[in-house]
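Reckoned from all heavy atoms, side chains included, excluding hydrogens, waters and symmetry mates. Ligands are counted one by one from 1 in listed order, and the atoms in each one are counted from 1 as well.
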Amino acid sequence: MLSSVTILVMNAGSSSHKVCLYQLPDPTPRWQGVVDWTKEMGKALVTTKTAQGKWEEVVPVTDRASVLRDFLATIWQGERRVLDRPEEIRVVGHRVVHGGQVYQQPVPIDGQVKATIREMIKFAPVHNPANLGGIELMEEVLPQVPQVAVFDTAFHSQMPLPAKVYPLPYRYFEQGIYRYGFHGISHQYVAGEAAKFLQRDLTDLKVITCHLGNGCSLTAVRGGISVNTTMGFTPLAGVMMGTRSGDIDPGILIYLLREGLTADDLDRLLNRESGLLGVSGISNDLRTILAAADNDRAQLAYQIFIHRLRGAIGSLLANLGGLDALVFTAGIGENSAQVREDVCANWEFWGIAVDPDRNHSRPCPIDISRDRSKVRVLVIPTQEDWAIAQACYEFVVKGVV
Ligand code: AMP
């Protein structure tokens with residue numbers, strides 16, 4: 001058994017940079033920080049949290065890398081530090097959105113891994129550059145410390161071909177245009193936690209995991225393997241989301257292109273101006289939509305959201321051949337009893353029945369199904385950072401890094 005291992009987890013995105021420091025095997029982060037680039041032009045909101053308290057500061061941004069360097073240094077310098085020296089960090093784990101067809105597991109980062117992440121920028125133009133930036137920053141700040149990449153696409157890499165391949169001319173599949181799926185770290189983590197919670201072996205279980213947050217995706221997990229998922233070649237596919245359309249008739253895109261919209265116009269329309277926001281016209285946040293009881297468009301947006309979630313579950317179920325557990329996770333999945341109730345309504349004939357009292361109970365993880373429900377309906381908080389830290393820890397235990 002190892003003594004405690006200090007692991008830093010980075011989740012670098014286009015709008016924020018999240019960092020979490022763990023002392024494994026303790027699952028409680030010792031230090032958590034977020035740099036939010038979106039609050040004000042030329043400024044960033046920096047939030048830090050330790051056992052000593054929580055701090056928020058607005059800092060000027062001339063270049064992002066120097067803001068991040070200063071931000072990271074507060075882990076081992078100054079009055080809020082939790083480490084004496086940066087060398088105490090044993091491994092840095094990175095969430096990487098797109099690992100292409102190559103990576104099916106977490107990997108220690110080397111030149112080849114970086115080259116693949118760079119190559120996949122063509123398929124993930126917003127996320128992979130930010131992930132690569134985080135890796136290169138850590139190479140500069142902690143040059144001696146090994147780094148590990150954990151991919152959002154990896155969990156879906158074993159999906160059977162009928163779920164993966166689009167009915168386009170086959171050459172497009174050969175060019176890498178197929179369903180990759182995303183949110184894999186979350187789906188894999190909550191499926192594993194569901195098995196632990198039910199005291200069952202994951203290899204014997206059929207589970208549908210519903211990751212409902214700002215982005216939403218559902219995955220069918222059979223025997224611990226993702227066999228189908230709603231997101232596709234990009235994270236735009238599948239169910240309706242806060243600002244993303246999810247699946248629409250591709251003929252609409254052809255029509256709009258002929259009407260004069262450019263590729264950039266379509267990108268903005270489908271990724272930022274659609275979904276709950278697009279239909280309601282008021283918000284991408286489900287709390288605001290639910291609170292707007294007298295707003296017809298907000299109500300319609302909610303109804304479409306539920307309609308599409310139910311449709312997606314039905315479609316995943318069709319090829320899963322049974323269901324032991326339906327799992328809700330992420331911001332909406334964990335917090336909205338209304339969504340869970342509406343998604344599961346009138347499915348007793350499929351053996352899904354939610355108990356209204358349990359649905360409002362806490363703490364999580366929790367089983368919210370009725371005793372007679374054949375399918376267990378679970379609410380399990382997702383912990384992507386913790387899942388990444390565990391993957392790094394395994395490498396340390398096995399002597400890989
Ligand atoms: P995430 O991406 O997992 O952080 O989820 C963020 C989203 O969760 C927000 O945009 C909200 O729409 C949603 N959310 C958080 N809390 C609630 C709640 N109590 N009821 C409904 N939706 C919620």
Per-atom contact, atom 4 (O) of ligand 1, protein heavy atoms, under 4.0 angstrom: no

Protein contact to atom 19 (N) of ligand 1 [nearest heavy atom, distance to 0.1 Å]: Asn335 CB, 3.3 Å

Residue selection (non-hydrogen contact nearest atom 8 (O) of ligand 1) among Ser283, Gly331, Gly242: Gly331

Those atoms of ligand 1 less than 4.0 Å from some heavy atom in Ala330: 3 (O)

cation_pi(Arg310, Trp347) dist<6.0 Å, angle<=45: yes

From Arg287, Glu334, His211 - option closest to atom 9 (C) of ligand 1 by heavy atom: Arg287

His211 and Thr329: side chain donor to acceptor below 3.5 Å: no

Short side-chain donor-acceptor distance under 3.5 Å, His183 and Thr229: no

Donor-acceptor pair between Thr6 and Gln23 side chains, under 3.5 angstrom: yes

Shortest protein heavy-atom distance from atom 10 (O) of ligand 1, along with the residue and atom involved: Asn214 OD1, 2.9 Å

Geometric N/O contact Gly215 with ligand 1, under 3.5 angstrom: no

Lys/Arg N to Asp/Glu carboxylate O, Asp36 vs Lys18, below 4.0 Å: no

